[in-house]
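First up is the structure itself, then whatever we jot down about it.
Worth saying up front: this structure is predicted, and the values here are computed from it rather than measured.
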Number of protein chains: 2
Amino acid sequence: MNSSSISNYINTLFPQFEPALREKLIEQVTIKDFKAGEHLMQTGQYFRSTVLIVEGRVKLYREGTDGNEFFMYYLQPGEACALSMICAAKQESSKIMGKAIEDSTILMVPITLMDDLMKQYPSWYYFVMETYRSRFEELLLVIDSIAFNGLDQRLSFYLQKQQEQLQTNELQLTHQEIASDLNSSREVISRLLKKMEQKGEIKLYRNFIELKK
Amino acid sequence: MNSSSISNYINTLFPQFEPALREKLIEQVTIKDFKAGEHLMQTGQYFRSTVLIVEGRVKLYREGTDGNEFFMYYLQPGEACALSMICAAKQESSKIMGKAIEDSTILMVPITLMDDLMKQYPSWYYFVMETYRSRFEELLLVIDSIAFNGLDQRLSFYLQKQQEQLQTNELQLTHQEIASDLNSSREVISRLLKKMEQKGEIKLYRNFIELKK
DNA sequence: AAAACCTTGTGACAAAAGTCACCCTAAGTC
DNA sequence: GACTTAGGGTGACTTTTGTCACAAGGTTTT
């Protein structure tokens, strides 16, 4: 499966990269599979590679000191983990946790390659910059939602993000999962969801939630 | 004052830049002064330059939809505004607000220069990467503090940050200022400060707070 | 000195969120 | 069919945070 699937992934997911860059990556990256539910990166772990997602879907969490997990955003095929770039560049340890929610595949670009790629390939440089930019903005949105909004609005925002990401109106989520993603408790989420149902915004079922509109 | 003070700032605050880069910057940057209290950047404004702080101190806020301001972090001489780099690179608008809390001076590096600088000067490239990295980490700490902690711990964290930044144990802050930085209300902050005083962690005076330890 | 204003303190109350206890029901297992 | 488990509903209560009203000292203005 190896080199042929690697070139397949790179050519289809990163068409904006110039051919020479794609060839270089195909030579140098390693590929790794994760089963749904597995952790890709642990808080405190050191990166030796920059991570590109090519298959599946990964949830990124910030971990609190007491074991809490706070959901920040999704990574999907064609995207890179911004922190793995930053940390890899500086050999620092990761402060976040990534979990595969589907069977997922990543490509790992050795950090030793980063400086060269940045200098030689404008399309890589732009890709990296765009990754930083979009993740930075994403973090700012996360800050907005917890700094300015109550739990009810955060819940709406959360459901909306799920909908956009998973491209479906029927979210397969338990109240417990939502609660821990938002660092709240199940009862509170259940009550807020009930309110949203009464307003006609959603419809609740066992194990899934249907979003109206 | 112009070109001589510019070269002065660049040579003293950015000694890690190679000489050729310093010369190039000295030729190309423009300098701008702000009085204490003035706004450097407004939410929604477009950047045409990357901003380097060379004098004074700037507070960066995230702005909420209803006019709230949420304090994120400080910028001080020798540091760059990460968002101005990102937005300048992509010609996007700023979503944050910067306020000078002392009389401040900034250098503005035209965005048209950015790509060249990144390619030609490794020290610039590392400076930019380090700026992204440190601001990213800063944002993650901000998220930690609001996602996992109560207002009491956020207040402690806030006072500690002020102490580190301003290098003093006597913080000249009113309860009202703290409250709006933390997006809370004055009475609540007053009460929490009283509790901290009773625990002996701080001592309260009119218009300033003394930190013990 | 009087007036106006700013900073802080405080009690009473309201709203939001977290916790505890317990229930019911659907789905799966033996 | 009996049993177990996971998901969800609900009421009562507590804690945290926000809001309102008002008082008491300072400081500045006039």
Side-chain angles (χ1 to χ4, degrees), chain A residues 36-37 64-71 101 143-159 162 170-211, chain B residues 36-37 64-71 143-159 162 170-199 201-211:
Chain A
T65 45
D66 46 351
N68 292 354
E69 297 171 0
F70 179 81
F71 169 68
I101 57 160
I143 288 179
D144 284 355
S145 83
I146 42 183
F148 299 123
N149 299 329
L151 198 51
D152 49 351
Q153 293 176 69
R154 286 174 55 201
L155 178 56
S156 291
F157 179 69
Y158 173 86
L159 293 176
Q162 305 295 314
E170 306 202 340
L171 304 176
Q172 292 189 29
L173 291 165
T174 67
H175 299 184
Q176 183 58 61
E177 281 181 85
I178 299 173
S180 50
D181 277 0
L182 294 176
N183 204 47
S184 174
S185 69
R186 202 260 314 160
E187 297 93 316
V188 175
I189 298 299
S190 284
R191 276 194 274 263
L192 292 175
L193 286 172
K194 260 278 162 281
K195 273 189 202 160
M196 291 179 72
E197 186 175 39
Q198 281 159 12
K199 286 194 227 152
E201 297 168 7
I202 58 174
K203 192 137 174 44
L204 299 174
Y205 300 90
R206 190 186 175 80
N207 281 316
F208 75 98
I209 298 171
E210 182 189 343
L211 304 183
Chain B
T65 44
D66 45 351
N68 293 354
E69 296 172 1
F70 178 80
F71 169 66
I143 288 179
D144 283 353
S145 83
I146 42 181
F148 299 124
N149 298 329
L151 199 50
D152 48 351
Q153 294 176 69
R154 284 173 57 200
L155 178 56
S156 292
F157 178 70
Y158 173 86
L159 294 177
Q162 305 295 315
E170 305 202 341
L171 304 175
Q172 293 188 28
L173 291 165
T174 67
H175 300 183
Q176 183 57 63
E177 281 181 85
I178 300 173
S180 50
D181 278 0
L182 294 176
N183 206 46
S184 174
S185 70
R186 203 261 315 158
E187 297 92 318
V188 175
I189 298 299
S190 285
R191 276 194 274 265
L192 291 177
L193 286 172
K194 260 276 161 282
K195 273 189 204 162
M196 291 179 73
E197 187 176 39
Q198 282 159 10
K199 285 194 227 155
E201 298 167 6
I202 59 175
K203 191 137 173 45
L204 299 175
Y205 300 90
R206 190 186 174 79
N207 280 317
F208 75 97
I209 298 171
E210 182 190 343
L211 303 184

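- The nucleotide whose nearest atom lies closest to any side-chain atom of A:Thr174 is, among D:dT17, C:dA17, D:dG8, D:dG8.
- With rounding to whole Å, A:Lys194 atom NZ is found 19 Å from C:dA17 atom P.
- Scanning residues 143-152 of chain A for heavy-atom distances under 4.0 Å to DNA chain C yields A:Gly150, A:Leu151.
- Computed from coordinates, the A:Ile202 CD1 to D:dG8 P distance equals 11 Å when rounded to whole Å.
- Residue order along DNA chain C, read from the 5' end via each residue's closest nucleotide, puts B:Gln176 first among B:Gln176 and B:Arg191.
- Atom P of nucleotide D:dG9 and atom CG of A:Asn207 are separated by 12 Å, given to the nearest angstrom.
- Summarising the geometry, the separation between CD on B:Gln172 and P on C:dC6 is reported as 18 Å, rounded to the nearest angstrom.
- Between the CG atom of A:Leu155 and the C1' atom of C:dA16 there is a distance of 14 Å, rounded to whole Å.
- If you measure from atom CG of A:Leu204 to atom P of C:dA26, you get 16 Å, rounded to the nearest angstrom.
- Residue A:Gln153 qualifies as enclosed at atom CD: its count of foreign heavy atoms under 6.0 Å is above 12.
- Nucleic acid contact for B:Phe208: none, since no nucleic acid atom lies under 4.0 Å from a heavy atom of the residue.
- The side chain of A:Ser184 contributes an N or O atom lying less than 4.0 Å from OP1 or OP2 of C:dG18.
- The side chain of A:His175 places an N or O atom within less than 4.0 Å of a non-bridging phosphate oxygen (OP1 or OP2) of D:dG9.
- The 12-atom threshold is exceeded at CD of B:Glu177, counting heavy atoms of other residues, nucleotides or ligands nearer than 6.0 Å.
- Annotation: side chain of B:Asn149 is not in contact with side chain of B:Phe157 (no heavy-atom distance under 4.5 Å).
- Listed nucleotides D:dT19, D:dG9, D:dG26 differ in distance to B:Arg206; the shortest reach to its side chain belongs to D:dG26.
- Between the side chain of A:Arg186 and the base of D:dG9, at least one donor-acceptor pair of N or O atoms lies under 3.5 Å.
- Here the C1' atom of nucleotide C:dC6 and the OH atom of B:Tyr205 are 20 Å apart, to the nearest Å.
- Between B:Leu192 atom CG and D:dG18 atom P the separation is 9 Å, expressed in whole Å.
- Counting non-hydrogen atoms under 4.0 angstrom, A:Ser185 reaches a base of the nucleic acid.
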